[in-house]
Amino acid sequence: NKRSHLKIRKRWDNLMNKLLRYKDYLGTVEYSLNDKVFFGEVLGIKSLLSYQGNTIEELEEDFKETVEDYLELCNRKKWDPEKTSMVVVN
């Protein structure tokens, strides 16, 4: 059904607009009212990679640094880094 497909596509686009992107990684953007801080985690990998910031700019920077640190660790340990895996249904 074309209408159903368009609805799903709109929801997907809305979700993707709320995620951080860097290299082959996607990360969430969340806000803690109690702590008054932005935070998130890298999606689609088994490793727990989290980041935070007082502003969106700090959050984005910490996200990138977290990914870079992860890639450097994998390189030093001779591990194959995981990549964000997202399943897209057409």
Side-chain angles (χ1 to χ4, degrees):
N1 175 329
K2 189 173 182 174
R3 180 181 281 247
S4 173
H5 177 72
L6 290 175
K7 224 177 184 180
I8 292 169
R9 179 64 189 196
K10 187 173 183 175
R11 284 186 188 159
W12 176 257
D13 289 345
N14 283 339
L15 172 64
M16 295 308 287
N17 286 332
K18 295 176 184 169
L19 297 175
L20 298 176
R21 291 174 191 78
Y22 182 66
K23 296 194 174 179
D24 292 323
Y25 297 90
L26 296 173
T28 61
V29 176
E30 300 182 54
Y31 186 74
S32 169
L33 289 173
N34 291 337
D35 300 324
K36 304 213 181 334
V37 68
F38 291 97
F39 66 97
E41 66 181 68
V42 176
L43 294 173
I45 64 174
K46 293 177 186 171
S47 301
L48 176 59
L49 302 179
S50 61
Y51 43 90
Q52 69 177 35
N54 292 316
T55 65
I56 291 294
E57 291 79 13
E58 286 181 11
L59 182 74
E60 289 176 316
E61 186 60 32
D62 198 42
F63 169 64
K64 291 176 183 178
E65 288 176 10
T66 298
V67 169
E68 289 296 337
D69 289 346
Y70 171 69
L71 294 174
E72 287 176 26
L73 174 67
C74 289
N75 188 42
R76 279 196 319 271
K77 299 279 188 176
K78 307 259 189 270
W79 298 338
D80 288 332
E82 298 175 82
K83 304 272 192 220
T84 293
S85 60
M86 300 290 286
V87 176
V88 179
V89 178
N90 287 330

J.: Taking only residues two or more places apart in sequence, or in another chain, which ones meet Lys64 in a salt bridge (charged side-chain N to carboxylate O under 4.0 Å, His left out)?
T.: none
J.: Between Glu61 and Glu57 (side chain of the first, backbone of the second, donor and acceptor by atom type, cut-off under 3.5 Å), is there such a pair?
T.: no
J.: Measure across Leu59 and Gln52 and return the closest heavy-atom pair with its distance rounded to 0.1 Å.
T.: CD1-CA, 3.8 Å
J.: Check for me, please, whether Tyr25 and Trp79 land in the same ILVMFWY cluster - side-chain distances under 4.5 Å, paths through other members count.
T.: no
J.: Considering only heavy atoms from C-beta outward, does the side chain of Val37 approach that of Tyr31 to under 4.5 Å?
T.: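 No - every pair of side-chain heavy atoms lies 4.5 Å or more apart.
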J.: Sub-3.5 Å donor-acceptor pair from the side chain of Glu30 to the main-chain atoms of Phe38, do we have one?
T.: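 Such a contact is absent between Glu30 side chain and Phe38 backbone.
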J.: Short question: side chain of Thr84, backbone of Gly44 - any donor-acceptor pair under 3.5 Å?
T.: no
J.: Show your working on side-chain contact (heavy atoms from CB on, under 4.5 Å) between Ser32 and Phe39 and close with a plain yes or no.
T.: CA-CA 8 Å; Ser32 169; Phe39 66 97; 3.9 Å; yes
J.: Taking side chain as C-beta onward, heavy atoms only, is Tyr70 less than 4.5 Å from Pro81?
T.: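 Of all side-chain heavy-atom pairs linking Pro81 with Tyr70, at least one is under 4.5 Å.
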J.: If you look at every heavy atom in Leu26 and Arg21, which pair is closest and at what distance?
T.: CD2-CG, 3.3 Å
J.: Side chains of Tyr22 and Glu60: does their closest heavy-atom pair fall under 4.5 Å?
T.: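 No. Closest side-chain heavy atoms not under 4.5 Å.
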J.: Could you note down all residue pairs passing salt bridge (charged side-chain N to carboxylate O under 4.0 Å, His left out) where residues 67-76 supplies at least one of them, sequence neighbours left out?
T.: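 Every salt bridge (charged side-chain N to carboxylate O under 4.0 Å, His left out) pair that includes a residue of residues 67-76, provided the two are not neighbours, is Lys23-Glu68.
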J.: Is the shortest side-chain heavy-atom distance between Tyr51 and Glu65 below 4.5 Å?
T.: no
J.: Could you tell me which non-hydrogen atom of Ser47 sits nearest to which non-hydrogen atom of Glu82, and how far apart they are?
T.: OG-OE2, 2.8 Å
J.: Do Val42 and Phe63 make a side-chain contact, defined as non-hydrogen atoms from C-beta onward lying under 4.5 Å apart?
T.: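 Val42 vs Phe63: side chains touch.
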J.: Does Glu41 form a side-chain contact (heavy atoms from CB on, under 4.5 Å) with Leu48? I'd like the steps, not just the answer.
T.: CA-CA 7 Å; Glu41 66 181 68; Leu48 176 59; 4.2 Å; yes
J.: As a quick check of understanding, evaluate side-chain contact (heavy atoms from CB on, under 4.5 Å) for Leu19 and Val29, giving each step before the final call.
T.: CA-CA 6 Å; Leu19 297 175; Val29 176; over 6 Å; no
